[in-house]
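The next block holds one structure in the form of structure tokens; read it before the comments.
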Number of protein chains: 2
Amino acid sequence: MPTVRRVKATSVAAITINDVADRAGVSIKTVSRVLNNEANVRPETRERVQEAVTALGYRPNLSARSLAGSRSFLIGLCFDNPNPAYVSEAQIGAITRCRVSGYHLVVEPVDNRSETADSQLEAMVFNVRVDGVIITPPVSDHPAILAMLEASRTPYVRISPERDRDRGPSVYMDDYKAAYDMTNYLLGLGHRRIGFVRGHPDHGSSYRRFDGFHAAMADHGLPLQPDLLAQGYFTFQSGVQAGEQLLRHPERPTAIFAASDGMALGVMSTAARMGLSIPTDLSVAGFDDTPTARVVWPPLTTVRQPINEMAAAAADILISGEARRAMDDKLPIKRMLDFELIVRQSCAPPKA
Amino acid sequence: MPTVRRVKATSVAAITINDVADRAGVSIKTVSRVLNNEANVRPETRERVQEAVTALGYRPNLSARSLAGSRSFLIGLCFDNPNPAYVSEAQIGAITRCRVSGYHLVVEPVDNRSETADSQLEAMVFNVRVDGVIITPPVSDHPAILAMLEASRTPYVRISPERDRDRGPSVYMDDYKAAYDMTNYLLGLGHRRIGFVRGHPDHGSSYRRFDGFHAAMADHGLPLQPDLLAQGYFTFQSGVQAGEQLLRHPERPTAIFAASDGMALGVMSTAARMGLSIPTDLSVAGFDDTPTARVVWPPLTTVRQPINEMAAAAADILISGEARRAMDDKLPIKRMLDFELIVRQSCAPPKA
DNA sequence: TTGTAAGCGTTATCAA
DNA sequence: TTGATAACGCTTACAA
């Protein structure tokens with residue numbers, strides 16, 4: 001009876017650090033040094049090792065590195081899923097930064113409303129042992145998740161946190177300045193009676209956006225007019241109602257700036273129902289650049305969040321080790337990124 | 001000078017299999033047996049071990065398992081990004097199945113048009129050593145990627161492949177039956193003159209959808225009328241043109257079934273321009289259930305692909321080991337999943 | 001049914 | 001500047 005040879009799954013025995021060391025005529029420790037860009041390796045030795053690496057097509061085994069060392073080369077991305085476009089962009093941004101340093105991204109969708117959402121993340125922290133976790137909103141405010149991460153001393157970066165903004169490293173955009181700039185844009189078109197639809201009172205960004213609007217108006221010598229202010233809740237429906245309130249005003253605004261695209265769309269629909277044409281009779285601006293914003297007619301002028309860039313920055317903070325150092329030193333890390341004003345066709349100078 | 005004690009990143013020394021073995025009064029091998037659900041462990045021993053595991057909150061180190069064994073407990077998900085909603089649903093589906101078996105998902109966006117897209121995946125295969133890769137369309141047809149995966153003997157599952165449908169395991173939906181059922185639905189509403197907008201001739205699904213339409217009509221004794229057929233290319237614009245062609249017909253159809261939502265939307269816009277109201281004057285049905293489908297007015301009746309379920313099935317084929325066995329045995333694996341008919345308000349019985 | 005011992009492929013220690 | 005050698009925490013022979 002012939003002997004049955006069991007072969008490993010990957011039929012060709014993978015090339016290891018030993019093969020490289022043999023070929024380069026050095027010890028594995030030296031190969032390791034070159035791989036990790038450590039100092040104290042003679043240039044010619046380094047070169048010889050590098051030659052062997054490429055010649056052999058050597059790929060360090062991540063599991064072995066992780067087991068022996070202190071890094072797993074894995075970053076976790078934790079998100080809830082209300083907005084696929086947001087999550088998708090965040091993933092691209094994070095991956096882009098990860099690739100540069102040979103890191104990989106492990107995704108972990110969680111249910112943000114669940115009290116036990118942290119247990120879904122635990123496997124990533126304790127079994128996979130990711131080197132850090134990026135958390136997108138609204139999960140970036142989940143108390144149990146933050147607590148679990150801190151207890152396990154896992155570095156994390158929050159994207160656009162709302163509450164406890166000084167807790168742990170975070171990356172966000174300048175809502176205030178974005179609203180300021182958008183308001184300035186409308187003022188530049190010649191508008192003076194500008195209505196504003198506020199965001200949900202539970203969200204910090206609502207206040208920052210309102211303050212930006214307020215400041216721009218004030219800088220143009222235009223005091224706040226309460227009858228040009230409406231309260232919204234980030235929803236389409238609340239935008240419809242805010243639109244009704246603002247547009248049935250005897251001296252109705254020539255422009256309305258809503259603190260979210262959803263509400264801006266609601267305003268547009270109200271305007272349409274009232275026979276007002278956009279942007280001729282009314283200019284409308286939104287905030288967020290949702291996919292629908294570019295599909296409606298006329299396409300909505302709005303603010304794009306730098307989602308991609310924020311996620312990349314978050315990955316960078318993790319990979320560079322800043323997050324861990326900040327954790328040890330109790331230093332806060334904050335990176336504020338630039339938004340983008342997306343000018344489409346929903347705004348025009350006021351009539352006559 | 002006091003001694004500086006360097007402590008590992010995770011301040012609390014992690015609990016290992018040794019701790020569990022000690023507490024349970026067995027050898028680590030027995031703990032390993034229990035962990036991996038191996039046979040030949042006395043029930044009471046098994047219980048004792050399990051007690052120790054929960055009492056200690058033991059979490060096996062994935063890197064160690066991966067290094068020693070043949071599994072990494074990591075599945076890769078490879079996708080291009082034309083459609084965030086699709087990718088997002090696929091991720092949820094894959095993760096759901098992964099969680100059941102303690103697997104995690106590593107994401108890898110690639111540029112499908114790039115000839116060297118496979119090199120982006122190589123790190124996942126050779127460094128991370130994922131246990132398998134799920135590939136979503138259109139990457140599921142990328143020749144270099146499939147070749148690389150096969151050469152490295154990495155199990156993979158293709159979702160909705162178009163070309164070489166017998167190459168490797170795949171999961172897809174029944175385009176034929178979906179088109180058949182949708183046509184039947186229109187026939188059930190009383191339509192007899194039904195126009196059809198064909199999909200892009202380069203896509204296999206176009207033919208399967210057309211065949212389903214054709215068969216349903218034939219089963220109702222309605223022969224194919226060439227003047228009720230229009231060629232489209234999955235785009236909005238091609239839908240506009242197809243709509244013009246079909247609707248300027250002297251005896252115009254009472255319903256139009258387009259092989260994609262994009263084209264259906266184009267048909268709707270043409271109808272609106274011609275003063276036809278939907279669904280009173282014309283019923284329109286689409287295919288794909290894109291996000292826009294539910295936003296337009298009237299909301300579009302369409303077919304939902306079981307993206308979530310397909311990804312879950314793909315993960316299952318990988319995790320269960322079917323994919324690897326199929327690779328060894330050269331057996332094809334195919335799983336066809338059920339679609340869903342999404343009835344919204346764009347279809348109604350024909351007038352009089 | 002259980003245990004001993006030898007890896008798995010790296011990084012870390014410490015001596016040369 | 002280098003290199004033996006010992007971890008790292010598990011699985012897998014193989015033995016008992």
Side-chain angles (χ1 to χ4, degrees), chain A residues 3-10 12-22 24-49 53 56 58-74 102 126-129 131, chain B residues 3-10 12-22 24-49 53 56 58-74 102 126-129 131:
Chain A
T3 321
V4 178
R5 258 278 290 290
R6 280 262 160 234
V7 189
K8 272 198 63 178
T10 31
V12 186
I15 288 142
T16 76
I17 198 172
N18 291 296
D19 303 321
V20 177
D22 285 353
V26 297
S27 76
I28 60 168
K29 177 65 222 188
T30 300
V31 177
S32 175
R33 284 196 181 94
V34 173
L35 256 38
N36 295 292
N37 269 315
E38 285 174 31
N40 296 333
V41 178
R42 203 184 306 156
E44 61 189 64
T45 311
R46 189 180 293 275
E47 208 161 302
R48 211 142 31 90
V49 171
V53 166
L56 263 29
Y58 167 67
R59 302 273 194 161
N61 181 322
L62 234 55
S63 298
R65 297 186 88 170
S66 168
L67 183 58
S70 52
R71 296 177 297 177
S72 68
F73 294 91
L74 259 21
F126 295 107
N127 299 60
V128 181
R129 294 171 203 206
D131 288 338
Chain B
T3 322
V4 177
R5 257 277 292 291
R6 280 264 160 232
V7 190
K8 274 197 60 177
T10 32
V12 186
I15 288 141
T16 75
I17 198 171
N18 291 297
D19 303 321
V20 178
D22 285 352
V26 297
S27 76
I28 61 168
K29 174 64 224 192
T30 299
V31 177
S32 174
R33 283 197 181 93
V34 174
L35 256 39
N36 294 292
N37 269 314
E38 284 174 32
N40 295 334
V41 179
R42 204 185 305 157
E44 60 188 67
T45 312
R46 187 180 296 275
E47 210 159 302
R48 208 140 36 88
V49 171
V53 166
L56 263 29
Y58 167 65
R59 301 273 194 164
N61 182 322
L62 231 56
S63 298
R65 296 186 88 170
S66 167
L67 185 56
S70 52
R71 296 177 297 177
S72 68
F73 294 92
L74 258 21
F126 295 107
N127 299 60
V128 182
R129 292 172 206 204
D131 289 339

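Residue A/Thr30 places none of its side-chain N or O atoms closer than 4.0 Å to OP1 or OP2 of D/dT2. The side chain of A/Ser32 places an N or O atom within less than 4.0 Å of a non-bridging phosphate oxygen (OP1 or OP2) of C/dT11. Within the structure, a side-chain polar atom (N or O) of B/Ser27 is placed less than 4.0 Å from OP1 or OP2 of C/dG3.
A/Ser63 comes within 4.0 angstrom of no nucleic acid atom, judged by non-hydrogen atoms across all strands. At a threshold of 4.0 angstrom between heavy atoms, the contacts of A/Thr45 are confined to the sugar-phosphate backbone, with no base atom among them. Within 4.0 Å (heavy atoms only), A/Tyr58 reaches sugar-phosphate atoms of the nucleic acid but no base atom. Within the 4.0 angstrom heavy-atom criterion, base atoms lie near A/Ile28.
Summarising the local packing, CD of B/Glu47 is surrounded by 12 or fewer heavy atoms from other residues, nucleotides or ligands at distances under 6.0 Å.
B/Arg129 and A/Ala14 make their closest contact through NH1-CB, 3.7 Å (heavy atoms, listed as atom of the first residue, atom of the second, distance). Considering all non-hydrogen atoms of both residues, A/Asp131 and A/Ser70 come closest at OD1-O, 4.0 Å. Minimum heavy-atom separation, B/Leu35 to B/Arg65: O-NH2, 4.4 Å. Of all heavy-atom pairs spanning B/Ser63 and A/Leu67, the tightest one is CB-N, 4.1 Å.
A donor-acceptor contact under 3.5 Å links the side chain of A/Lys29 to the base of C/dA12.
Considering only side-chain atoms of A/Arg33, the nucleotide from D/dT2, D/dT1, C/dG3 that sits closest is D/dT2. Proximity note for A/Asn40 (side chain, C-beta onward) versus C/dA12, C/dT2, D/dT2: the nearest is D/dT2. With distances taken from any side-chain atom of B/Asn36 to the nucleotides D/dT2, D/dT11, C/dT2, the minimum falls on D/dT11. Checking C/dT10, C/dT1, D/dT2 against the side-chain heavy atoms of B/Arg42 singles out C/dT1 as nearest. Taking only side-chain atoms of A/Leu67, from C-beta outward, the nucleotide of D/dC10, C/dG9, C/dT11 with the closest atom is C/dG9.
Between B/Ala64 and A/Glu38, the residue whose closest nucleotide on DNA chain C is further toward the 5' end is B/Ala64. If you find the closest nucleotide of DNA chain C to B/Ala68 and to B/Arg48, the one lying nearer the 5' end belongs to B/Arg48.
The distance from atom CZ of A/Phe73 to atom C1' of C/dT11 is 10 Å, rounded to the nearest whole Å. For the pair A/Ile17 CD1 and D/dT5 P, the computed distance is 17 Å after rounding to whole Å. Taking atom CG of residue B/Leu56 and atom P of nucleotide D/dG9, one finds them 14 Å apart after rounding to whole Å. Atom-to-atom, CZ of B/Arg65 to P of D/dC10 comes out at 9 Å; the value is rounded to the nearest Å. Computed from coordinates, the B/Asn61 CG to C/dC8 P distance equals 18 Å when rounded to whole Å. Taking atom CG on A/Asn18 and atom C1' on C/dT11, their separation rounds to 13 Å, with Å as the unit. If you take CG of A/Leu62 and C1' of C/dG9, they are 11 Å apart, rounded to a whole angstrom. Separating the CG atom of A/Asp19 from the C1' atom of C/dC8 is a distance of 14 Å, rounded to the nearest angstrom.
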Between A/Tyr58 and A/Ile17, is a side chain to side chain contact (heavy atoms under 4.5 Å, CB included) present by the stated rule, with each step listed?
CA-CA 8 Å; A/Tyr58 167 67; A/Ile17 198 172; 3.8 Å; yes
